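Just so we're clear, the structure is a prediction, and the values are computed from it rather than from any experiment. Both ligands and their constituent atoms are indexed starting at 1 by order of listing.
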Amino acid sequence: MGTQWYKDRVFYQIWPRSFADGNGDGIGDLYGVYEKLDYLKSLGIGGIWFSPLYQSPQTDYGYDISDYRAIAPEYGDLDIFKKVVDKAHALDIKIVMDLVVNHTSDEHEWFVKSRDKNSPYRDYYFWRKGKRPGCPPNNWDSFFENEAWGYDETTDEYYLHLFNRKQVDLNMDNPAVRQEVKDILKFWLDMGVDGFREDVITMISKPEGLPDDHLVPFFKGIRMYSSGPHIHEYLQEFRTEVLDNYDCFVIGEAPLVSIKQAKEYMGGDHPDLDMMFNFQHMNADCMFTEYMPRPFNLRKLKRAFTKWQKKLDWNALYLENHDHPRIISRYGSETYHDESGKMLAACYLLLKGTPFVYQGQEIGMTNIALPSIDDYKDCMAIKNYNNDIKKKPVEEVLPKIQKATRDNARTPVQWSKDAYGGFSTTQPWFAVNENYTTINVASQEQDPDSLLNFYRKLIAFRTKSPVVRYGSYRELCPHNKHLYVYEREYEGEGLLVVCSFTDKPCTYHLPKKVREGNIKVLFSNYNCDDLEPTLTTKPYEVRVYQY
Ligand code: GLC
Ligand code: CA
């Protein structure tokens, strides 16, 4: 096992298409990334997770790979990738790649060859006969289409796709497929990358016989292939045969995983995964997905944070990524943009674990509302729209999509108040949020009190703070509907984090030991450093006390 360096770093996620356009064609690329590495260093970042950079038809923006060993031409090539890796390493920034092996693109040569019934590649995928003419092999749902099966006329058989019809599920039970995965891992590790974020990795082992799911009305099938029968075996195989030979780490995307299951993935001295992204805290304003919205419920958020903080030794901490709307627009307030942005930053960056900051989060980028479904790109949004519009008027359907779509996180990063937010010199591939003139990196660079500089200070603090790294976690006033309060303690040092999730005043009495300790305000979003024993909070106020 390596040195667990991933525990001492803050990661930054780059979704390459919208990060920075270095060659002026309107699409983000690795040339843009290369130029921004110093910026990331100045933010205190110690690692980058790249959403897929591989060659892909981009029907799900890189999560549909057609060549695992090539960089998408619009993002660059292996030369510039290597330069990015070398420069990042020179700056002591680690590089983590996305590993998408639940499925490939239907344009991957394996799948193209597998269309021939006699090809050895046929068994790389799940090709099956229909139950009867016109009826797919089972009743599973797809996340991005309605049914999880695509039909091929030539062979009169169906192939499984849990995501869109151009994202074809690989048959991981085939040892040849696992060998391919191991070869891909080696290829990138030998190129110098430091780890992988493993896409929907908990779903790669499907149940034998692919049975119907008669238990649930939606997400049919998911309970059968989530943490499927051979998942631990396969992850151990990747670990033992490849990963163990490198000083690297793996973080798994793990939707719907319970604490008990999480421990099965991460327990023992030879864990399948070093860390995982759980989703529970992303459901404080929805059920399962943002397409089933509910009013924001702070207690739900607190329960999720506290449960994972208490029951797991180490968590991946995040509030945003490319799959979720922007956090200020969800759990914070666009009216109290700066205040709520800072509160949310402190709220999660001082928890125990490895934090991930998503591009644009550090300046508080917000959701966008586009006028028509034709303006959207996200295949999940389009599926939901097409289903809903059969039953409801557009005035009802569109606002729901606008709030829920992953496209909210995918608008170009707002670097400056120049045209197109300084992202590109030409019309970008996707809409730039109009608020770029006020919310952008350049203007926040100049303001010592900006959200960006607040992130900088918090990251610098947590990187050297033993309390944040090793301290215990305890939640205070768990029943309070507006305040999230927790303490961290380590070797006689303490931190008390008080976060208000409302614009209404709330009172909070500091605990006795804090009042009586040698106390100081470390962070505040109103520049308040008074030490009154009773705090009456301002809108979305955060205070971090050291005692
Ligand atoms: C993961 C990715 C998401 C993608 C899906 C299918 O959830 O984060 O963006 O659409 O897997 O690969
Ligand atoms: Ca470009």
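- Contacts with ligand 1 closer than 4.0 Å are made by side-chain heavy atoms of Arg197 only, the backbone lying farther away.
- In this structure, His103 is part of the shell of residues with a heavy atom less than 4.0 angstrom from ligand 1.
- Atom 10 (O) of ligand 1 has its closest protein heavy atom at Asp60 OD2, 2.5 Å.
- Donor-acceptor pairing under 3.5 Å is lacking for the side chains of Gln402 and Asn408.
- With a 4.0 Å cut-off on non-hydrogen atoms, His322 touches ligand 1 through its side chain and not its backbone.
- Below 4.0 Å from some heavy atom of Val200 lie the following atoms of ligand 1, by number and element: 7 (O), 11 (O).
- Residue-level check: among N/O/S atoms of Asp21, OD1 sits closest to the Ca ion (ligand 2).
- Shown are Tyr159, Tyr124, Trp127; of these, the side chain to side chain donor-acceptor pair (under 3.5 Å) with Ser114 is made only by Trp127.
- Put simply, the residue from Asp29, Leu30, Ile14 that forms a side-chain contact (heavy atoms from CB on, under 4.5 Å) with Phe19 is Ile14.
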Inset, instruction - Test side-chain contact (heavy atoms from CB on, under 4.5 Å) on Ile222 and Met203 and set out the steps. - result: CA-CA 8 Å; Ile222 190 170; Met203 303 184 181; 4.1 Å; yes

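- For ligand 1, the atoms sitting less than 4.0 Å from at least one non-hydrogen atom of Arg406 are 3 (C), 4 (C), 9 (O), 10 (O), numbered in the order shown with element in parentheses.
- A tilted orientation is assigned to the rings of Phe296 and Tyr331, their planes being inclined by 30° to 60°.
- Looking only at side-chain heavy atoms (C-beta outward), Ile48 and Leu37 come within less than 4.5 Å of each other.
- Closest to atom 8 (O) of ligand 1, if we only count protein heavy atoms, is Asp323 OD2, 2.4 Å.
- Rounding to 10°, one obtains 160° for the angle at the Ca ion (ligand 2) between OD1 (Asn23) and O (Ile27).
- Using a 4.0 Å cut-off to heavy atoms of Phe163, the atoms of ligand 1 that qualify are 5 (C), 6 (C).
- Of all the listed residues (Val100, Asp199, Asn164), Asp199 holds the heavy atom that lies closest to atom 2 (C) of ligand 1.
- By the criterion of a heavy-atom distance under 4.0 Å, neither the backbone nor the side chain of Phe143 is placed next to ligand 1.
- Rounding to the nearest 10°, we obtain 170° for the angle at the Ca ion (ligand 2) between Asp29 OD2 and Asp25 OD1.
- Contact between Phe144 and ligand 1 is present, with at least one heavy atom of the residue lying under 4.0 Å from the ligand.
- Atom 7 (O) of ligand 1 has its closest protein heavy atom at Glu253 OE2, 2.8 Å.
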Inset, instruction - Under the ring pair (Phe, Tyr, Trp, His ring centres under 6.0 Å) rule, what do Trp140 and Tyr225 come out as? Steps first, then yes or no, please. - result: CA-CA 10 Å; Trp140 292 0; Tyr225 54 74; 5.3 Å; yes

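- Within 6.0 Å of the CG atom in Asp313, the count of heavy atoms belonging to other residues, nucleotides or ligands does not exceed 12.
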